[in-house]
Amino acid sequence: MTISITIESSAIWNLQEYKETGKGERSFDVPQGTTSIGRTTASSFTVPVASISKNHAELEQIGNRLYLRDLGSTNGTYVNGRSIEGTIEIVSGDLIQFAAAAFRATCMVNKQNTDFAPSMTIAEGSLNWAQALVQFDRLMNDKAVTPYYQKIITLADRRVVGYEVLARSRMQGLENPAQLFSIAERLEQEESLSELMRVEGTRNTQVSMDGTSIFLNTHPKEAVTDRLIRSLRELRRREPEKNITIEIHEGGVTKVNEMKRLRSVLNELGMKLAYDDFGAGQARLVELTEVPPDVLKFDMGLIRDIDKAPLARRAMVKALIDISHSLGIAPLAEGVETEEEHQACVDLGFTQGQGYLYGRPSLQGE
């Protein structure tokens, strides 16, 4: 959310550096007027970091307000993870990055810290934004993600046929996917995080060596880009023997020609295709018939309490399952938690299932 701040008294703005261990040594009280920022002593505020340009950015304090502009720097200026263009106004609590150097901007009135909240929140306040940024950067550099594996079974005999890789981390404030991808989104690093999870999800594990498949997620932002194709080719080069299924979120299945291209590449690489969260939004029947996947994962919202669902809802799900069978697609029920839901899914014609009933995510797919 955006917080409007009205200050009637004299305000003092301060930049406090944040490093991996917390607050850094550099701190700067911003004077009235224009302040130049760069890595040389010719700047009003010198930040001797190699990634910062000689003339990187300018701060301008006018009265109680602080404005920031990038000066065409090589590695960019960011506010709360967003690259800036032109001039923007700073809000107390914002995280400002000059390339790789991170500073928190704080406004003080009459020498009393206003302690305004940042103009955005991360992970419900478990970490402040500057710390979260440093943690995320460290996570990516150290490949510190922790893949968890959740079983995918055949409903008829509950035989394990695959494991979905789920993103986790043991770093404070980045333990679950919501926290990880919330920060990645603000840094525009969703694709990088998704790529890292696919690599780490197939590394140093025996999962799929017995014929079961590793189900690897893509981020909706990846869609069917050249970058995604390159990453899949590199993944196959790293893992030539493993049985891999690539999941595309329903929201990413939007263009038939792009999906045909992806299907062709996956066939070439010996990988399978799954559509994830089917039915969560718009059921893309055209894409389903034009580019049928190997597996169609029905969203858990359709499966929850399916045994108690009205006949109309069950009939709708049954019709979609029948379409899947007619196209040679294996329909999979996500989020199965009770024996009653399991039996209802069997009766409707689902052939595969996933959910807490069959096993919670674990470190080694056990």
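The model shown is predicted, which means the values in this text are computed figures rather than measured ones.
- You'll find the ring centres of Tyr163 and Phe215 outside the 6.0 Å limit.
- Close placement of the Phe45 and Phe103 rings is indicated, their centers lying within 6.0 Å of each other.
- Nearest heavy atoms, Phe136 versus Ala184: CZ-CB, 3.7 Å.
- Judged as a side chain to side chain contact (heavy atoms under 4.5 Å, CB included), and not counting sequence neighbours, the contacts of Glu339 are Arg158, His342, Leu357.
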Applying side-chain contact (heavy atoms from CB on, under 4.5 Å) to Arg69 and Glu60, what does each step give before you reach the verdict? CA-CA 8 Å; Arg69 70 180 63 89; Glu60 185 175 13; 3.0 Å; yes
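- Look at Arg198 and Glu247 and you find no salt bridge, because none of the NZ, NE, NH1 or NH2 atoms lies under 4.0 Å from a carboxylate O.
- Rounding to the nearest 0.5 Å gives a distance of 8.0 Å between CD1 of Ile303 and CD of Glu341.
- The shortest non-hydrogen separation linking Arg227 to Ser192 is NH2-OG, 2.8 Å.
- No more than 12 heavy atoms of other residues, nucleotides or ligands shown are found within 6.0 angstrom of CG on Asn55.
- In terms of heavy-atom proximity, Ser194 sits nearest to Asn217 at OG-O, 3.6 Å.
- Between Thr245 and Leu216, the closest side-chain pair of non-hydrogen atoms is not below 4.5 Å.
- Side chains of Val49 and Phe98 form no contact here, defined as non-hydrogen atoms less than 4.5 Å apart.
- For the atom pair OG of Ser213 and CD1 of Ile152, the computed distance is 7.5 Å after rounding to the nearest 0.5 Å.
- If you chain together ILVMFWY residues whose side-chain heavy atoms come under 4.5 Å of each other, Met300 ends up in a group of its own.
- Here Glu164 pairs with Lys297 in a salt bridge; the nearest charged N to carboxylate O distance falls below 4.0 Å.
- In this structure the side chain of Arg168 reaches within 4.5 angstrom of the side chain of Pro177, judged on heavy atoms.
- In this structure, the side chains of Asn243 and Ile214 stay at 4.5 Å or more apart for every pair of heavy atoms.
- Arg263 pairs by the salt bridge (Lys or Arg N to Asp or Glu O under 4.0 Å) definition with Asp294, not counting sequence neighbours.
- The shortest side-chain heavy-atom distance between Tyr356 and Val336 does not fall under the 4.5 Å cut-off.
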